[in-house]
Structure formats: structure tokens, C-alpha cells
J.: 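Dumping the structure here so I can ask a few things about it.
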Amino acid sequence: MTSLSSVTPYDNMSPVTRAAYRAKAAAADLAPLPRAAKDDALLAIADALEVRTSEIVEANAVDIERAREAGTSDAIIDRLTLTPERVRAIAADVRQVASLPDPVGEVVRGSTLPNGIDLRQVRVPLGVVGIIYEARPNVTVDGAALCLKSGNAVLLRGSSSAYSSNTALVKVIRDAVGGSGLPADAVQLVPGESRDSVQELMRARGMVDVLIPRGGASLIRTVVEGSTVPVIETGTGNCHVYVDAETDLDMAVHILLNSKAQRPSVCNAAETLLVHRDIADAFLPRALDALAEAGVTVHGDERVVGYADGTKATIVPATAEDWETEYLSYDIAAAVVESLDAAVAHIRLWSSGHTEAIVTTSQAAARRFTQLVDSTTVAVNASTRFTDGGEFGFGAEIGISTQKLHARGPMGLPELTSTKYIVTGDGHTR
């Protein structure tokens, strides 16, 4: 039987279109594969990442040096950096994806109709998934692993700042996939480093089934507004921590520090602190000192600035721009609010819809906050840093969707599938 991916297309294609054509053929071959075949390929990828770690880290060093010469911020360089430890962690994530249930073929719902026809709605792969992302080479592996597990082919378009890293990673992945008997074209790096290749990918409607942008607000807006391919919108993370009037002060400080400073360069890090006025005198001096020790600069409203005397904090007056900023750095906006409802109003006005947390000992306050806040994730007495596919038990995530269609929140394997209906009769006619 001739493999669908062996059918040769006409040659009058651009490199990007040719890659999309090959991905479409590979997706057709992947769709019917059993879980065992896909898991074998994933385990081969994990093993190859570990065996070829030095090759990957060496390529990554080229990107890091180029970024430093360009004056790239420390936060972006942190996202870009691959150490042997991070490569091992990425390989472990791939193994976790292999251990997860295969969503393809899952019956979402089904019944026997009154006329005797058997009707089933089952999960099927999306097809060809394009991912456009910035300086995070771990996304290259996460995207490839999740797409393979869910039976999708993937076209990866990382930023030019990570080109050497992504090229090395995709080579390792393709070698492992091909060596496992799956079509190597199931994982491809989109040819070219210019914006033209991005534009062409965004307009490959009919060849690419869905695009997923991962990065800052500008990148996401560009893809959403300029793409003719359907887009699953992943959003920026202007996340909030609200400390309620009734709270455990030690817990509140601990959650705030973890949300902001554990890793500030990621989308689930807190960017704004809101404090109920009744607890401000007891909480803010402690919180400001703790933030100062962590190296965090506070962009405070007038009342927060008033707590500067007697603390170690670096506080600068906040502007309107601070309330909407995703810093991705050791900075946080902070304000004192009159009530829980005022905190909710502030979040509704400025939040990107990613993650918001409340720290409270009041069940009534927790219940009202979770009812009123409309973000993908609302945390009660827990860090915003938990909004993550791995932390939720989904395995490595493809992104965190802040839209409301198809998928919302951390996107794991089920979110990389669509459905189709299978109608089985016995000579039935209408």
C-alpha cells in the first residue's frame, strides 16, 4: 500500500508551501496510527535529547551569545537558555507525554438512535498545526511531542533569536521520529528566518489547519489579525494576586513571592498585587520587605508609595501603563483597593484573562471572587504559577488559551483534537 506521504507534489512551490504540503501528507499517515507507535517515537525523542545534549547546548550557546551582543534583556535570555539540566527536564516532559492517554479515538458521546442507527462522536487529530513562537526553544520540543501524541503534524516557526537551538532540536527530533518508522515530515521547522515565511505560514489556509501563537502581545496580535488560517489565541499573562481583608499573612507573603519571583519571565508569573485596605497596614510592610529581598521593584499607587518609609522596598509611582503591563521581569504593580469588589473591577479592567489569585481565610470571599472573575484560571490560596499543563497533570502544554472558543486555559492533548461523527446503520435510508 502506498503511503500518503510518499505521493510527490508538483515542484512549483515555495519552501514554506512545500513544507506545509509534506506536513499535510504526514498528518494523513499519522492519524490512524495506534498509541504504541506514537509512544515509541516519543520515547526515542526523549532518549535522543539526552544522548545529544551537548550538540543541543552547543547550538544554544550560539543563540545566547548573539542575544547578549544584541543587548537582549536578562528575562528573554533566561527563556532562551538551554542547560544540560533543562534539556533533561524537557526529555522528562516528553516521556510524561508518552505516558498520557491517547485522546484520538475517544468517544465524546454516543447513543443508539430510535431508528437503530449507532451514532458516535469521536476525537480525531486537527491535522497540521502551525506554531509561531518567540525565544523559548523548549516550545519546539513541547509542540512536537504533543502534536505527535495527538496524531498531528507540526510546523514550527520559532524566532530568529533561537534559530540555531531550534534547528538542532528539530534535527534530533526528526532523526528519532524517522528512526521509529513514523514520517519525519510530521515535525518540520518552517524554512526561512524572515518575516515573509511567517506571513506565508499565516496564509496557508487549506494546508495548515490551525495556528497557535506563543509569545508577547505584539506577536499574538499580529497572528490573530493577519492570519487566514484559524487561530487558537494564547494570551499574555497580566496575572493578579489579591490579598483579602481576612487572610493568613504568612501564607499571603509566601504565595505572593512564589507568584512573582520564583520565575518572573513566564506568563503565569504575577504582575499586579492588590491589597484590601483593611489589611494593608499589617500586610504591606512585610510584603514590600520580602519583595525587596527578592530584588523586585514595586510600581505602586499613591497609597502603596506611602508605605515606602521604614521598608527596604524600591517603590516607584505607578502609571496607567503599569496596570496593563506584562513585565516578565522583577517588577510588580501594586495597589490598595477598597473592597473585594473593587479588586474584581480592577482585574476586569486590566487583566489579560490569564490567571488571578485570591489569598483569603473567608470561604464567602473565595466563592464570590471565583464567581466574578472571568479568567482562564482562578486560584484560591495558591500561586498563579500553577497555571501550567504539567502542573495540571496534562503533560507539557502547547500553550495557554485565553479565548473562549474550542479551548481555554492550559492546552493539553484533548485540545489538539477535533471530533467527527461516525454513523453506523444496517441498510438504513432516510
J.: Would Q121 and K420 count as a side-chain contact (heavy atoms from CB on, under 4.5 Å) here? Give the steps.
T.: CA-CA 6 Å; Q121 183 186 17; K420 69 179 176 184; over 6 Å; no
J.: Within this structure, what is the NE2-CG distance for the pair H406 and L126, rounded to the nearest 0.5 Å?
T.: 5.5 Å
J.: Examine the side chains of Q371 and R367 and answer whether a donor and an acceptor come within less than 3.5 Å of each other.
T.: no
J.: Which value, rounded to the nearest 0.5 Å, describes the distance between M251 atom CE and L256 atom CG?
T.: 12.5 Å
J.: Please check: side-chain N/O of K260 versus main-chain N/O of A270, any donor-acceptor pairing under 3.5 Å?
T.: yes
J.: Evaluate whether atom CD of E85 has more than 12 neighbouring non-hydrogen atoms of other residues, nucleotides or ligands under 6.0 angstrom away.
T.: yes
J.: Indicate the atoms forming the closest heavy-atom contact of L257 with A294, along with that distance.
T.: CD2-CB, 4.2 Å
J.: Please collect all side chain to side chain donor-acceptor pair (under 3.5 Å) contacts where either partner lies in residues 333-348, sequence neighbours excluded, each pair once.
T.: R277-E338, R303-E338, D341-R368
J.: Please name all residues satisfying salt bridge (Lys or Arg N to Asp or Glu O under 4.0 Å) with R35, sequence neighbours left out, ordered by chain then number.
T.: D39
J.: Testing the 3.5 Å rule here: is there a donor-acceptor pair between the side chains of S197 and R157?
T.: yes
J.: Between T370 and V380, is a side-chain contact (heavy atoms from CB on, under 4.5 Å) present by the stated rule, with each step listed?
T.: CA-CA 8 Å; T370 57; V380 177; 3.6 Å; yes
J.: S161 and S159: side-chain donor and acceptor closer than 3.5 Å?
T.: yes
J.: To the nearest 0.5 angstrom, please state how far the OG1 atom of T402 sits from the CD1 atom of I220.
T.: 6.5 Å
J.: My understanding is that only residues two or more places apart in sequence, or in another chain, count here; which of them pass side-chain hydrogen bond (donor to acceptor under 3.5 Å, both in side chains) with R205?
T.: none
J.: Determine all donor-acceptor pairs shorter than 3.5 Å in which one atom belongs to a side chain in residues 206-219; sequence neighbours excluded.
T.:
residue, atom, partner, partner atom, Å
D209, OD2, V128, N, 2.8
R214, NH1, E397, O, 3.4
R214, NH1, I398, O, 3.2

J.: Counting only heavy atoms not in D74, do more than 12 sit closer than 6.0 Å to its CG atom?
T.: no
J.: Write out all pairs satisfying ring-ring contact (aromatic ring centres under 6.0 Å, His included) with one or both partners inside residues 251-302, taking only residues at least two apart or from two chains.
T.: H299-Y327
J.: Say you draw a straight line from OG of S362 to CZ of F369; how long is it, rounded to the nearest 0.5 Å?
T.: 12.5 Å
J.: State, yes or no, whether a side-chain contact exists between S329 and P264 at a heavy-atom distance under 4.5 Å.
T.: no
J.: For T222 versus M202, what's the shortest heavy-atom pair and its separation?
T.: O-CE, 3.5 Å
J.: Is it true that T360 and T247 share a donor-acceptor pair across their side chains at a distance under 3.5 Å?
T.: no
J.: Pair E271, T325 - check side chain to side chain donor-acceptor pair (under 3.5 Å), show working.
T.: CA-CA 7 Å; E271 304 293 19; T325 298; over 6 Å; no
J.: Going by atom types only, do T355 and N268 share a side-chain donor-acceptor pair under 3.5 Å?
T.: no
J.: List the atom of T417, the atom of P103, and the distance in Å for their closest heavy-atom pair.
T.: CG2-CG, 3.9 Å
J.: Distance only, no hydrogens: is a donor on one side chain within 3.5 Å (strictly under) of an acceptor on the other, for T140 and N166?
T.: yes
J.: Indicate yes or no: does D40 engage K149 in a salt bridge with an N to O separation below 4.0 Å.
T.: no
J.: For D248 and T361, run side chain to side chain donor-acceptor pair (under 3.5 Å): C-alpha distance rounded to whole Å, both residues' side-chain angles, the deciding distance at 0.1 Å, then the answer.
T.: CA-CA 7 Å; D248 180 314; T361 54; over 6 Å; no
J.: When rounded to the nearest 0.5 angstrom, what is the spacing between CG in D63 and CD1 in I77?
T.: 11.0 Å
J.: State whether the side chain of D289 and the backbone N or O of K312 hold a donor-acceptor pair below 3.5 Å, judged by distance alone.
T.: yes
J.: Does the side chain of T112 come within less than 4.5 Å of R120's, by heavy atoms?
T.: no
J.: Which pair of heavy atoms, one from L82 and one from I56, lies closest together, and at what distance?
T.: CD1-CG2, 3.8 Å
J.: Please report the closest heavy-atom contact between V336 and D301, naming both atoms and the distance.
T.: N-OD2, 3.2 Å
J.: Let's go through L291 and V298 carefully: what are the C-alpha distance in whole Å and the side-chain angles of both, what is the deciding distance for side-chain contact (heavy atoms from CB on, under 4.5 Å) to 0.1 Å, and is it a yes or a no?
T.: CA-CA 8 Å; L291 289 169; V298 177; 3.9 Å; yes
J.: Answer whether the closest heavy-atom distance between the side chains of T272 and C239 falls below 4.5 Å.
T.: no
J.: Not counting sequence neighbours, list each pair that qualifies as a side chain to side chain donor-acceptor pair (under 3.5 Å) and has a residue in residues 234-243.
T.: H240-E356, Y242-D244
J.: Of the non-hydrogen atoms in A23 and Q188, which two are nearest, and what is the gap between them?
T.: N-NE2, 3.4 Å
J.: Measuring from K404:NZ to T376:OG1, what's the distance to the nearest 0.5 Å?
T.: 11.0 Å
J.: Examine the side chains of T319 and D322 and answer whether a donor and an acceptor come within less than 3.5 Å of each other.
T.: yes
J.: Take K171 and R174 through the test side-chain contact (heavy atoms from CB on, under 4.5 Å) and record every step on the way to the result.
T.: CA-CA 5 Å; K171 186 178 188 308; R174 283 174 60 87; 6.0 Å; no
